[in-house]
Asks: 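Dropping a structure here in structure tokens format, bear with me for questions.
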Amino acid sequence: KAGVTQTPRYLIKTRGQQVTLSCSPISGHRSVSWYQQTPGQGLQFLFEYFSETQRNKGNFPGRFSGRQFSNSRSEMNVSTLELGDSALYLCASWTGVANTEAFFGQGTRLTVV
Amino acid sequence: DQQVKQNSPSLSVQEGRISILNCDYTNSMFDYFLWYKKYPAEGPTFLISISSIKDKNEDGRFTVFLNKSAKHLSLHIVPSQPGDSAVYFCAGRPAGTASKLTFGTGTRLQVTL
């Protein structure tokens, strides 16, 4: 059974640009969540999509957005990149069944220069 | 407001001994707790979880204890092995919010020979 796949693994962008990250969840999982990990911080929740609808949102500015397609694949977009957006972005896949764990992808390392 | 706290950024334990990682939380709405292990440049890997209706859950060398009155969790690893060296994150999840996890900042465990 394939795990959670995130692409690309590494990305370098310039301030002011925008970026799109992709996540393919485990087959059959309908929930996809996105997290940001920066040095010295824990993982911070960005948002969750379930059946193509955003179900939860963390405390991030509107520059961070996402969507989910009918095959459960999800994309996250960050516009007008800032240096502080440099982070490891992690995607988590979940079945939707209560009291079960989420499975994480390997992440996309975004560097903004 | 950090709802999940891991006050020890690092811990060093000798191989074969017990590792105890601690976690405190402030959000009374959390009803499910999880521990994840993370190696550099990889996504977090699920280790063990516990529902708020229980006070202990065991899986092989890993045991999680929950003290709801103290809002405290601990992860015990017995015996510790060099391969356990990683960063450990605890996370809480409120009821009814699907996969939204609130993570602590992590504890780096080093198991020495």
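If you're wondering where the values come from, they're calculated on a predicted model, not measured in any experiment.
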Asks: Report which part of A:Q6 has an atom under 4.5 Å of a heavy atom belonging to chain B: side chain, backbone, both, or neither.
Replies: neither
Asks: Do you know which two heavy atoms are closest between A:L90 and B:G43, and how far apart they sit?
Replies: CD2-CA, 3.7 Å
Asks: Please flag which part of A:L88 lies under 4.5 Å from any non-hydrogen atom of chain B: side chain, backbone, both or neither.
Replies: side chain
Asks: Has A:N71 got more than 12 heavy atoms of other residues, nucleotides or ligands less than 6.0 Å from its CG?
Replies: yes
Asks: Determine the minimum heavy-atom distance between A:F45 and B:L101, stating which atoms define it.
Replies: CB-O, 4.0 Å
Asks: Kindly check if the number of other-residue, nucleotide or ligand heavy atoms within 6.0 Å of CZ (B:R17) is above 12?
Replies: no
Asks: Please classify the contact of B:S49 with chain A as side chain, backbone, both or neither, using a heavy-atom distance under 4.5 Å.
Replies: neither
Asks: Pick whichever of A:F50, A:F103, A:Y35 has the most heavy-atom pairs under 4.5 Å with chain B.
Replies: A:Y35
Asks: Starting at CD of A:E101, measure out to OH of B:Y32 and round the result to the nearest 0.5 Å.
Replies: 6.0 Å
Asks: Within a reach of under 6.0 Å around CZ of A:R15, are more than 12 heavy atoms found that belong to other residues, nucleotides or ligands?
Replies: no
Asks: Restricting to non-hydrogen atoms, name the atom on A:K57 and the atom on B:K100 that form the minimum distance, rounded to 0.1 Å.
Replies: O-NZ, 4.2 Å
Asks: With a 4.5 angstrom heavy-atom cut-off, could you sort out which part of A:A102 is near chain B: side chain, backbone, both or neither?
Replies: both
